[in-house]
Amino acid sequence: QVQLMESGGGSVQPGGSLRLSCQVSGYIPSPYFMAWFRQAPGREREGVSCINNDGIVRDASAVKGRFTISSDRAKNTLYLQMNSLRPEDSAMYYCAATTRPSAGVCHLYPVHFGAWGQGTQVTVSA
């Protein structure tokens, strides 16, 4: 059973940076996707960035050029480097992983991801 644990959230001023981490334990069937999603109060969960086991990434248009997803297999950790943060980036951020073999370029449909972390809060305000 896969377990995901996010960390690194916090409060930051507009224009600032944060790096989120997601510690992975357990087995993820390969090939796989891993991703970051976010959900703000009153809004639906939305995909932020994803990466497949070949390291190919996909970013949502809202974060392209500002956020970078990466993974460190040796540390079993997924990262999200967030730069040039904006108030509209404020949300609970979730790490997710597929639990069935998933080939090709990753996508950001929540229904495809079977494992989720508890989330870490990111607040961007002056």
Side-chain angles (χ1 to χ4, degrees):
Q1 184 177 356
V2 177
Q3 291 188 324
L4 307 175
M5 178 70 73
E6 303 95 336
S7 61
S11 295
V12 64
Q13 293 185 340
S17 299
L18 284 173
R19 188 176 81 156
L20 306 184
S21 299
C22 174
Q23 184 67 49
V24 181
S25 59
Y27 173 69
I28 300 177
S30 185
Y32 59 81
F33 303 161
M34 292 200 70
W36 289 95
F37 289 81
R38 66 186 182 186
Q39 188 168 18
R43 301 189 65 176
E44 292 187 356
R45 188 167 297 189
E46 64 172 346
V48 176
S49 296
C50 64
I51 187 169
N52 70 6
N53 54 294
D54 291 325
I56 299 172
V57 305
R58 183 193 297 268
D59 298 316
S61 57
V63 306
K64 195 164 293 186
R66 301 188 297 122
F67 291 10
T68 303
I69 190 171
S70 63
S71 65
D72 186 332
R73 292 187 181 183
K75 295 182 178 180
N76 291 328
T77 303
L78 180 74
Y79 300 101
L80 183 68
Q81 178 66 45
M82 306 186 294
N83 298 328
S84 301
L85 283 161
R86 305 167 180 169
E88 55 264 37
D89 295 318
S90 297
M92 186 71 78
Y93 282 70
Y94 298 91
C95 172
T98 51
T99 51
R100 296 181 178 180
S102 302
V105 179
C106 61
H107 56 70
L108 292 169
Y109 299 110
V111 67
H112 198 79
F113 293 83
W116 293 83
Q118 294 299 306
T120 185
Q121 178 69 39
V122 172
T123 303
V124 185
S125 67

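Any value given below was found using the heavy atoms of this structure, including those in side chains, with hydrogens, waters and symmetry copies removed. Counting begins at 1 with the first residue of the sequence. These figures come from a predicted structure and were not determined experimentally.
Checked against the 6.0 Å centroid criterion, the rings of Phe37 and Trp116 qualify as a close aromatic pair.
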Walk me through whether Arg66 and Asp59 qualify under salt bridge (Lys or Arg N to Asp or Glu O under 4.0 Å). CA-CA 10 Å; Arg66 301 188 297 122; Asp59 298 316; over 6 Å; no
Side chain to side chain contact (heavy atoms under 4.5 Å, CB included) for Leu80 and Val48? Distances and angles first, verdict last. CA-CA 9 Å; Leu80 183 68; Val48 176; 4.2 Å; yes
Show your working on side chain to side chain contact (heavy atoms under 4.5 Å, CB included) between Val122 and Leu18 and close with a plain yes or no. CA-CA 9 Å; Val122 172; Leu18 284 173; 3.9 Å; yes
Between Gln81 and Phe67, is the side chain to side chain contact (heavy atoms under 4.5 Å, CB included) condition met? List the steps. CA-CA 6 Å; Gln81 178 66 45; Phe67 291 10; over 6 Å; no
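At a cut-off of 3.5 Å, with distance as the only test, no side-chain donor of His112 or Thr98 sits close to an acceptor on the other residue. Residues Asn83 and Ser17 bring a donor and an acceptor atom of their side chains to less than 3.5 Å of each other.
Minimum heavy-atom separation, Thr99 to Gly114: OG1-CA, 3.5 Å. Considering all non-hydrogen atoms of both residues, Tyr94 and Gln39 come closest at CE1-CB, 4.2 Å. Closest heavy-atom contact between Ser21 and Thr77: CB-CG2, 4.2 Å. Residues Ala60 and Gly47 share a closest heavy-atom pair of CB-O, 3.4 Å.
Residues Val12 and Met92 fall into different hydrophobic clusters, defined by Ile, Leu, Val, Met, Phe, Trp and Tyr side chains chained together at heavy-atom separations under 4.5 Å. The hydrophobic cluster containing Tyr79 does not contain Val2, counting ILVMFWY residues as joined when their side-chain heavy atoms lie under 4.5 angstrom apart, directly or transitively. In this structure, Ile51 is a member of the same hydrophobic cluster as Tyr93, with clusters built from ILVMFWY side-chain heavy atoms closer than 4.5 Å.
Note that CD1 of Ile56 is 8.5 Å distant from SG of Cys106, once rounded to the nearest 0.5 Å. Atom SG of Cys50 and atom OH of Tyr109 lie 10.5 Å apart (nearest 0.5 Å). For the atom pair SG (Cys95) and CE (Met5), the distance works out to 11.0 Å, reported to the nearest 0.5 Å. The distance from the CD atom of Glu46 to the CH2 atom of Trp36 is 14.5 Å, given to the nearest 0.5 Å. The CD atom of Gln3 sits 11.0 Å away from atom CD of Gln23, with the distance rounded to the nearest 0.5 Å. To the nearest 0.5 angstrom, Leu20 atom CG is 8.5 Å from Glu6 atom CD.
Among the candidates Met82, Arg86, Arg38, the single residue satisfying the side-chain contact (heavy atoms from CB on, under 4.5 Å) test with Val63 is Arg38. For the side-chain contact (heavy atoms from CB on, under 4.5 Å) with Met34, the qualifying choice from Ile69, Ile28, Asn52 is Ile28, the only one to do so.
For the pair Tyr32/Ser102, no side-chain contact is recorded, criterion being any heavy-atom separation below 4.5 Å from C-beta on. Two residues are said to be in side-chain contact when any heavy atoms from C-beta on lie closer than 4.5 Å; Ser125 and Pro14 fail this criterion.
Using a distance-only test at 3.5 Å, with no hydrogens or angles considered, no donor-acceptor pair links the side chain of Ser90 to the main chain of Thr123.
Atom CD of Gln121 sits in a crowded spot, with more than 12 heavy atoms from other residues, nucleotides or ligands closer than 6.0 Å. Within a 6.0 Å radius of CD in Gln1, no more than 12 heavy atoms belonging to other residues, nucleotides or ligands are found.
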